[in-house]
Protein chains: 2
Amino acid sequence: MKSKPTLAAMDMEGVFTPEIWIEVSKKTGIEKLRLTTRDVSDYDVLMRGRLQLLKENNLTLKDIQSVISTLAPLPGAVEFINWLETRSTLIILTDSFYQFVAPLKEKMGNPTIFCNQLITNGHNQVVDYVLRQRDGKKHAVLAFKSIGFRVVAVGDSYNDTSMLLEADNGILFRPSENIVADFPQFSAVYEYEELQAKMIEYGI
Amino acid sequence: MKSKPTLAAMDMEGVFTPEIWIEVSKKTGIEKLRLTTRDVSDYDVLMRGRLQLLKENNLTLKDIQSVISTLAPLPGAVEFINWLETRSTLIILTDSFYQFVAPLKEKMGNPTIFCNQLITNGHNQVVDYVLRQRDGKKHAVLAFKSIGFRVVAVGDSYNDTSMLLEADNGILFRPSENIVADFPQFSAVYEYEELQAKMIEYGI
């Protein structure tokens, strides 16, 4: 075995945890917080709308964090992460924010997660957000490859496809039908056991 | 707070765990396995010598792993890692090998560790090693910076100084006196509490 070490670059929401904004929408009753990039294709427009909704509804960061701290990882996620961390290197890449992810990270056993940042004002209101970089998942995969890793990427959604395309192998986990149709080159799996088998096949 | 997210790039041996080859030397009684890059400056010559010693003494990878599995992280290391993982992103960078690190990784709570690889033959004898890349710690720090992180690097030894130099801030943890004299630009700390205080000062 003289091949490169492997690294698993994995999406978080939909793969290990519920979709955070959708859960916040459900628990706060603010219907429009359900909108995603499927409804509003420009991410910045979508995020500005979300921040506006938080402001209109007087929700502070702490309020949102309280909602998020009632969430749990998906059933089987913690066991999957343990399995993966004993046989390879896992880095979770998410477009979500450190301030949202913190309560869930601990419940997942503190895996390494690369996120973006929310900006709050003195009243704990979320006033802005900062991306670590544009198309951060894709660039993280490129960075891992540049330092000698074979990368297997796993995601569920359109915002994961650029990292799946850059990885040595890409896997769709619980994707929608459209994404399977649009990206037939990626294997699609729906349960953690299938995902394990596919990752082993890809050298993890 | 509109600054970049922070990432802590930290050495493993001497910072979180004992020096593995030295412990293997002690427990097997093979005195020459104590040699380090301080004694043999060419790393490849040093490693070839170590592999030769393993062969001469009929030690398989499994034998070495049995020795390593009796080791524990340094006192306070696990608590430090937990503290760090709840406030920042930790990646441990080591020149050691996945096959050596595995038993210690679990005892540290499965942090993310970038390593090198040992090559075994059909008799479980270690016959070769592969570096992920030359000067891997330094290049990992450069990669993290290239994807938008502010990097604080921590190490104890000469093989850490190139990553400390590339990081936004470098800290020496329990260094020898020579290294402190040679690199006066880095803060030197000796206890985890001091290290925490220094890392907080550097934005972690």
Side-chain angles (χ1 to χ4, degrees), chain A residues 1-9 78 81-93 97-99 101-103 105-106 108-122 127-150, chain B residues 1-9 78 81-93 97-99 101-103 105-106 108-122 127-150:
Chain A
M1 185 212 42
K2 208 159 177 159
S3 59
K4 295 176 182 179
T6 58
L7 186 149
V78 173
I81 290 170
N82 283 339
W83 169 82
L84 185 53
E85 285 186 331
T86 59
R87 57 183 295 141
S88 184
T89 300
L90 166 64
I91 295 192
I92 296 175
L93 303 175
F97 305 95
Y98 287 103
Q99 294 94 331
V101 165
K105 186 185 176 205
E106 199 168 352
M108 288 188 277
N110 271 329
T112 298
I113 312 181
F114 290 1
C115 311
N116 294 308
Q117 289 190 102
L118 292 170
I119 310 295
T120 51
N121 65 14
V127 292
D128 203 355
Y129 71 99
V130 188
L131 300 183
R132 213 178 57 250
Q133 62 182 161
R134 276 184 185 275
D135 212 353
K137 296 185 186 205
K138 169 181 147 180
H139 288 291
V141 167
L142 287 170
F144 301 141
K145 288 176 75 177
S146 80
I147 59 171
F149 285 105
R150 239 194 115 257
Chain B
M1 188 210 40
K2 208 160 178 158
S3 59
K4 295 175 181 180
T6 58
L7 185 148
V78 174
I81 290 171
N82 283 339
W83 169 82
L84 185 53
E85 285 187 329
T86 58
R87 55 184 295 140
S88 183
T89 300
L90 165 64
I91 295 192
I92 296 175
L93 302 176
F97 306 95
Y98 286 105
Q99 294 94 331
V101 165
K105 187 186 175 204
E106 199 168 352
M108 288 189 277
N110 272 326
T112 298
I113 313 182
F114 289 2
C115 310
N116 294 308
Q117 288 189 103
L118 292 171
I119 310 297
T120 51
N121 65 15
V127 291
D128 204 356
Y129 72 98
V130 189
L131 300 183
R132 213 179 56 249
Q133 63 182 158
R134 277 183 184 275
D135 213 352
K137 296 186 187 204
K138 169 181 148 180
H139 289 291
V141 166
L142 287 170
F144 301 141
K145 287 175 75 177
S146 80
I147 59 171
F149 285 105
R150 238 192 116 256

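A note on names: the letters A, B, ... follow the listed sequences, proteins ahead of strands, and every chain is numbered from 1. The basis for the numbers below is simple: all heavy atoms, side chains too, and nothing from hydrogens, waters or symmetry mates.
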Interchain contact, A:L131 with chain B, by part (heavy-atom threshold 4.5 Å): neither
Which atoms of B:A102 are under 4.5 Å from chain A, going by heavy atoms: the side chain, the backbone, both sets, or neither? neither
Non-hydrogen atoms of B:K4 and A:Q117 that approach each other most closely: C-NE2, 3.6 Å
dist A:F144:CZ -> B:I147:CD1 (nearest 0.5 Å) comes out at 5.5 Å
Heavy-atom distance under 4.5 Å to chain A: side chain of B:L142, backbone, both or neither? neither
Here the gap from A:F149 atom CZ to B:Q133 atom CD, rounded to the nearest 0.5 Å, amounts to 9.0 Å
Engaged part of B:T89 at the chain A interface, taking heavy atoms whose separation is under 4.5 Å: side chain
Counting distance only, does the side-chain N/O of A:E85 pair as donor-acceptor with the main-chain N or O of B:E106 below 3.5 Å? no
Tell me every residue that passes side chain to side chain contact (heavy atoms under 4.5 Å, CB included) with B:D135, counting only those two or more places apart in sequence or in another chain. B:K138, B:H139, B:S162
The interface call for B:I113 against chain A, heavy-atom contacts under 4.5 Å, is backbone
Partners passing side chain to side chain donor-acceptor pair (under 3.5 Å) against A:R132 (at least two apart in sequence or in another chain): none
